[in-house]
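Read the numbers this way: they start at 1 and go in the same order the structure lists the ligands and their atoms.
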Amino acid sequence: MAAATVPLPAERVPLEHAPWRIAAADALSAVDLPPFDRSAMDGFAVRADDVRPGEPLRLAGAVAAGEEARAPVEPGSAVAVTTGAALPSGSDAILRVEDAEAADGRVTPTASVRRGLHVRYRGEDVRAGDVLAPAGARLDVAKITALASAGVGEVAVHRRARVHVLATGNELLPVGAPPRPGRIHDSNRLTLRLLAEHVGADAIIHPVVPDDPDATRAAVEAGLAGDVLAVTGGVSVGEHDHVKAAFEACGVEEVFWRVRLKPGKPLWFGRRGGTVVFGLPGNPLSTLACFMLFVGPALRRMHGEADARPRFSRATLGAPAAPDDGRTTLLTAVIAPGPDGGLVATPTERQGSHLSGTLAGTQGFVVARYRGGAMPAGAAVDVLLLP
Ligand code: AMP
Ligand code: MG
């Protein structure tokens, strides 16, 4: 699957639109930081060698933050400054307002200062041209804050993936529709939209597709317009499963079908040109599991993440688990911090790919690996936390 998914092309976006996206090129500081020598305190810019407690200095002017420092500090004088103000020429230290008495155009120090005291020097933080976010890095709060401070207004990021979402099934009712005999409510389209948007993709939601070969083919063709097509339901071998035939009719080349995963075994993966295609089993928890392990990582890779593997957290098992050994199994679990602050994961008593109600009380899955054997309470396990 990794070979079929490549980072999408770069685009330049305003910094305001860049948070959480992945830098497509090194993002450099536009300025020195600080951009000029500045005061770290409210007080007086002075020549350190002139300052002797009890000996008054002449107050020669004032500079507030945001102003240009015009009046120089001559020997024997001081200039009032606010925090963040540019350091006037001639001065080399800041006498804090708490360490001086000012009256009648004079400033009398009550403490001595050393050269450089409370001065923030130009470029001591970063230099113009320093790399603040290397290509491949996520533009998180730390990096966005640094880039904004460093005068950067625009950055190159990988384009967002466009994910087309289809759900198949004659039984499906739209979200919130009144119940009808034999029908169930569609949840997969909403789940996939949430998960896709959570990893920064744009989701395009199509109408529910009936279990009919022609309708399925037409819907798949329409859904192949983006970077990813995710279809739920109809990917097994039942007589109402038309999705694989539709993929074939639309020229989607199969890369694999079926994985050793529970829930999620019938997962189908293929591609047509630059579009990758997932056929996901229809049960809500199967769709969720396949997204967490396959679709999400593919999207993250398209978005430029260097390491787009599924993100497992570690937890302590709260109760023994002995899952069927034939496949890697994701067990719905209550996952919460334990007494020592680490996560404790307790699988729910009932497990099943259709149990969306049980899902409501859980925070994610315990991963019981293929041939991993029985897991006693207290074992360290991998968990997949749901967003
Ligand atoms: P399928 O993969 O089409 O065989 O569907 C497997 C099970 O998932 C069936 O019980 C379907 O009714 C159910 N299902 C299929 N699609 C959805 C959906 N969009 N939302 C909720 N359940 C679904
Ligand atoms: Mg179906």
Aromatic F256 / basic R271 pairing, under 6.0 angstrom, 45° off normal
no
Can R327 be said to sit on top of Y370's aromatic six-ring, NZ or CZ under 6.0 Å from centre and within 45° of the ring axis?
no
Min over G282, S236, P266, S187 of heavy-atom distance to atom 2 (O) of ligand 1 lands on G282
Subset of ligand 1 atoms that lie under 4.0 Å from at least one heavy atom of [X]:
| X | answer |
| --- | --- |
| P284 | 21 (C), 22 (N) |
| G233 | 1 (P), 2 (O), 3 (O) |
| E171 | 11 (C), 12 (O), 15 (C) |

Tell me the protein heavy atom at minimum distance from [atom], and give that distance in Å.
| atom | value |
| --- | --- |
| atom 18 (C) of ligand 1 | N188 ND2, 3.1 Å |
| atom 19 (N) of ligand 1 | D186 OD1, 2.7 Å |
| atom 22 (N) of ligand 1 | I184 CD1, 3.5 Å |
| atom 6 (C) of ligand 1 | N283 N, 3.8 Å |
| atom 1 (P) of ligand 1 | G234 N, 3.7 Å |

For A219 and L166, which heavy atoms make the closest approach, and how far apart are they?
O-CD1, 3.6 Å
Any salt bridge between R160 and D227, counting N to O under 4.0 Å?
no
Examine the proximity of ligand 1 to H185 and report which part, side chain or backbone, both or neither, has a heavy atom under 4.0 Å away.
backbone
Using heavy atoms and a threshold below 4.0 Å, how should the contact between T287 and ligand 1 be classified: side chain, backbone, both, or neither?
neither
Less than 3.5 Å apart, any donor N or O on the side chain of T332 or T348 sitting next to an acceptor on the other?
yes
I need the S353 OG to N283 CG distance, nearest 0.5 Å.
3.5 Å
Apart from L355 itself, residues in the same hydrophobic cluster as defined by side-chain heavy atoms under 4.5 Å
none
Answer with yes or no whether V235 contacts ligand 1, where contact means a heavy atom under 4.0 Å from a ligand atom.
no
Less than 6.0 Å separating the ring centroids of W268 and F247?
yes
